[in-house]
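Let me begin by presenting the structure, written as structure tokens, before commenting on it.
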Amino acid sequence: MTNTNPESSDVLTASNFLRDLIAEDARTKKFGAAAIQTRFPPEPNGYLHIGHAKAICLDFGLADEFGGKTNLRFDDTNPEKEEQEYVDSIQQDVRWLGFEWERLCYASDYFPQLYEWALQLIKAGKAYVDDLTADQIRQYRGTLTEPGKDSPYRNRSIEENLDLFQRMRAGEFPDGSRVLRAKIDMASPNLNMRDPVMYRILHATHHRTGDAWCIYPMYDYAHGQSDSIENVTHSMCTLEFADHQPLYRWFIEQLGIFPSQQFEFDRLNITYTMLSKRKLLQLVQEKRVRGWDDPRMPTLSGFRRRGFTPQAIRTFVAAAGVSRTNGSTDVEMLEHFQRDDLNRRARRAMAVLHPLKLVIDNYPEGQVELVEVANNPEDPTAGTRQVPFSRQIYIEQDDFREAPPPKYYRLSPGKEVRLRNAYFVTAQSVVKDAAGNVVEVHCTYDPLSRGGNSPDGRKVKSTMHWVSAAHAISAEIRLYDKLFTRADPSDYPEGGSFLDNLNPHSLEILSGAKLEPSLAQAKLGEPFQFERVGYFCLDPDTSEGHLVFNRTLSLKDSWARIEKKAGA
RNA sequence: UGGGCGAUCGUCUAAUGGUAGGACAGUGCCCUUUGGAGGCACUUGUCCAGGUUCGAAUCCUGGUCGCCCAGCCA
């Protein structure tokens, strides 16, 4: 019964190419006395999602494993998209995942240094101010198959470049009128090397530097130099930046600064899940979801609110592995590791989502018994609690069938089942409403079966959860399903959009659920297993007198599978 | 049709010239006071064609297929 679960610990240290590479560099002291140094470099233009969790686990996890340190560095070079709200949420989410940074850094901290280095490159004849419009620059860049051509401004004198760049910085020119470009090779087969833009003019207020700057460095000019300033030894990023690596190296070599190195790995993709910041922002802005932390969102804040745990997310990320292939991991794997984690830690409770009244005709009117129930059968140290039992209780509508199908072991007329931790009961009759729906089931109980076993040793096929009607508390229950109906949400027909794949039934709200009284004391962040139903947690929307529970995940339901197969 | 990267069970991922293994999913059985959990078993794979080698997922050659790049985004 007890699950020691060696698998999740093995999974955390399984071989992968980045671990091998860093292990080797640490062993050979490739960077001399310098320790392994990494960084996690989010742009504060959105909330972190589970794809970022992979990068975080790699950046922080691998550094830690080899005695290194990790900085959290905000890649805040574009004031038009970045906000303090995101800076705050990102820090919260990284900590929630269980990591702590060595230093909190901002690319914007390096604006003065970056500017000095730009002057240095201009003086070395390696950068120039270009007056071409954005449109013209695109035309001059050439195409994938044709080389570009030099800008007419490419051969300005160093003096003129210096003067113009300083005046750009001084705010003499309007947005978009000029840029600073690296002078590399307009005929390079790698478009990133065709005189990339280093600085653009943006008269925008930055969330940290305010109006101190009106020129902002581009990613390519800022990122590698920021790594270098921080003595980052292993700069890990996703595959789409592989083409930028020659440029990353070029700036570092021209400047002769600390030789940080970039390594690329594959992005995390999960079936039925959208992991694009831009599209997640769209879902929020168009109110397709209730916010960044909507429990259906793949954001870390969404997972947190949904009841997912950082431990499970980390185990999943490790289990999904890292490579250089692009694929999509089954969402079932994530759910598996989450159930595995919750199964070990969640307190059990009884809750009836769709109540059906069960009256025990031969149980004494007005009598209340307290039955002892284990808080977690997986963990004896979790203790027990007392749950009230009485003559009228609620059971799940699904747990009674007037005409039971084959292999249906639950309650039906004449059948005996066990009420968990309480008594054996046998259904005797039903009460129906005008429409013919069963609204009440009458049964008899065996007083000798208290605790759930009969002294004569007879067996029952089924055990059901229940809640005493007089003692039940009410709650709103929010059931979540996949946000998208397609394994690949970005696969939509011509002329459509990923929104067409939104699952209209991703949220179902139940208002009449009946819970055992102990659940009134549930705390935010505390995981529960509602026995036979699923894992749940209290939602922050809970208010005085109004409990709201989120379903984190359902329990695997073998009967549902049997029924589905029979129907199919 | 320029450049870069990649291809191993349905999915994700190991094997670094020497027995193709694990996890998830699936199937069957056992167990069960959660039809949960757990246990056991089974199925399925090296993109293709050549070559090197005693031996190839791994090395070589040629194909095929997929992803990324033409932002003053990151």
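Computed from a predicted model, the values in this text were never measured in an experiment. Order of the sequence lines fixes the chain letters, A, B, ..., with proteins taken first and strands second; residue numbering starts at 1 for each chain.
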task = Flag this pair as yes if the NZ/CZ of Arg347(A) is under 6.0 angstrom from the six-membered ring centre of Phe528(A) and inside a 45 degree cone about the axis; otherwise no.
result = no
request  = For Leu334(A), report the nucleic acid contact type (base, sugar-phosphate, nothing); a contact means any heavy atom under 4.0 Å.
outcome  = nothing
task = For nucleotides U34(B) and A20(B), find the distance between their C1' atoms and express it as a whole number of Å.
result = 39 Å
ask   = Any donor-acceptor pair under 3.5 Å linking the side chain of Arg19(A) with the backbone of Ala14(A)?
value = yes
ask   = Is there a donor-acceptor pair closer than 3.5 Å between any side-chain N or O of Asp175(A) and the backbone N or O of His203(A)?
value = yes
inquiry  = For a quick check, tell me whether the side chain of Glu332(A) and the base of U11(B) share a donor-acceptor pair closer than 3.5 Å.
reply    = no
remark   = Atom CG of Asp185(A) and atom P of G3(B) are separated, to the nearest Å, by 14 Å
query = NA contact type, Val533(A), heavy-atom cut-off 4.0 Å: base, sugar-phosphate, or nothing?
reply = nothing
ask   = When rounded to the nearest Å, what value does the distance between P atoms of A56(B) and G63(B) take?
value = 24 Å
task = Measure distances between side-chain N and O atoms of Glu563(A) and base N and O atoms of G35(B), and say whether any donor-acceptor pair falls under 3.5 Å.
result = no
request  = Name the nucleic acid region contacted by Ser558(A), choosing base, sugar-phosphate or nothing; use a 4.0 angstrom heavy-atom cut-off, strictly under.
outcome  = sugar-phosphate
inquiry  = Ring of Tyr106(A), cation from Arg208(A) - is the NZ or CZ under 6.0 Å from the centre and inside 45° of the axis?
reply    = yes
message = Could you tell me how far U27(B) sits from U61(B) if I compare only their P atoms? Round to whole Å.
response = 45 Å
message = Tell me whether the rings of Phe536(A) and Phe530(A) are parallel (<30°), tilted (30 to 60°) or perpendicular (>60°).
response = parallel
query = Which value, in whole Å, describes the distance between the C1' atoms of nucleotides U46(B) and G3(B)?
reply = 28 Å
message = Using a heavy-atom cut-off of 4.0 Å across all strands, would you classify Lys407(A) as base, sugar-phosphate, or nothing?
response = base
request  = Return no unless some side-chain N or O of Thr325(A) is found under 4.0 Å from OP1 or OP2 of U13(B).
outcome  = yes
ask   = Within a reach of under 6.0 Å around CZ of Arg267(A), are more than 12 heavy atoms found that belong to other residues, nucleotides or ligands?
value = no
message = Just the rounded figure in Å: distance from C1' of G26(B) to NZ of Lys556(A).
response = 10 Å
ask   = Between Arg532(A) and G35(B), does any side-chain N or O lie under 4.0 Å from OP1 or OP2?
value = yes
P gap between A15(B) and G21(B), integer Å = 14 Å
message = Regarding Arg410(A), tell me which of base, sugar-phosphate or nothing describes its non-hydrogen contacts under 4.0 Å with the strands shown.
response = base
query = Asp330(A) has an atom CG; how far is it from atom P of C9(B), in whole Å?
reply = 13 Å
request  = Determine the interatomic distance between C1' on A23(B) and the same-named atom on G66(B); round to the nearest Å.
outcome  = 25 Å
query = Is there a donor-acceptor contact under 3.5 Å from the side chain of Lys514(A) to the main chain of Leu353(A)?
reply = no
query = What interatomic distance, in whole Å, is found between C1' of C5(B) and the corresponding atom of G38(B)?
reply = 43 Å
request  = Quickly work out the Asp20(A) CG to U16(B) P distance and round it to whole Å.
outcome  = 11 Å
message = What I want to find out is whether Arg73(A) reaches Asp227(A) closely enough, with some N-O distance under 4.0 Å, to be called a salt bridge.
response = yes
query = When all nucleic acid strands are considered with a 4.0 Å heavy-atom cut-off, which category describes Tyr408(A): base, sugar-phosphate, or nothing?
reply = base
note = RNA chain B in dot-bracket form (Watson-Crick or G-U pairs under 3.5 Å, [ ] crossing, | inter-strand) is .((((((..((((....[..)))).(((((.......)))))....(((((..]....))))))))))).....
task = Please assess His223(A) against Asp75(A) for the test side chain to side chain donor-acceptor pair (under 3.5 Å), listing each intermediate value before the final yes or no.
result = CA-CA 8 Å; His223(A) 198 92; Asp75(A) 227 335; 2.7 Å; yes
inquiry  = If I take atom CZ in residue Phe337(A) and atom P in nucleotide A37(B), what distance separates them, rounded to the nearest angstrom?
reply    = 14 Å
query = Does His336(A) make a side-chain N or O approach to OP1 or OP2 of C24(B) shorter than 4.0 Å?
reply = yes
key: Any Arg561(A) side-chain N or O less than 4.0 Å from OP1/OP2 of U27(B)   = yes
ask   = Are Arg169(A) and Tyr115(A) in a cation-pi contact, defined as NZ or CZ under 6.0 Å from the six-membered ring centre and within 45° of the axis?
value = yes
key: Nucleotide U32(B), atom P - distance to CG of Asp557(A) in whole Å   = 20 Å
ask   = How would you label the glycosidic angle of G71(B): syn (within 90° of 0) or anti?
value = syn
inquiry  = With nearest nucleotide decided by heavy atoms, which residue, Asn376(A) or Thr271(A), maps closer to the 5′ end of RNA chain B?
reply    = Thr271(A)
message = Counting the atoms with a prime plus P, OP1 and OP2 as sugar-phosphate, which does Gln245(A) contact under 4.0 Å by heavy atoms, base, sugar-phosphate, or nothing?
response = nothing
message = I'd like the C1' distance from C40(B) over to C54(B), given in whole Å.
response = 40 Å
ask   = Between the main-chain N or O of Ala346(A) and the side-chain N or O of Gln529(A), is there a donor-acceptor pair closer than 3.5 Å?
value = no
message = Counting only side-chain nitrogens and oxygens, does Ser15(A) get under 4.0 Å of the OP1 or OP2 atom of A14(B)?
response = no
Integer-rounded Å distance: U32(B) C1' and Leu555(A) CG = 14 Å
request  = For nucleotides 68-74 of chain B, just jot down a letter per nucleotide in 5' to 3' order: B, S or -, based on protein non-hydrogen atoms under 4.0 Å.
outcome  = BBBSBSB
message = Would Arg420(A) and Trp466(A) count as a cation-pi pair here, with the cationic atom under 6.0 angstrom from the ring centre and within 45° of the axis?
response = no
inquiry  = Could you tell me how far apart Glu378(A) (CD) and U32(B) (P) are, to the nearest whole angstrom?
reply    = 16 Å
message = Both Arg420(A) and Arg324(A) contact RNA chain B. Taking the nearest nucleotide for each, which residue is further toward the 5' end?
response = Arg324(A)
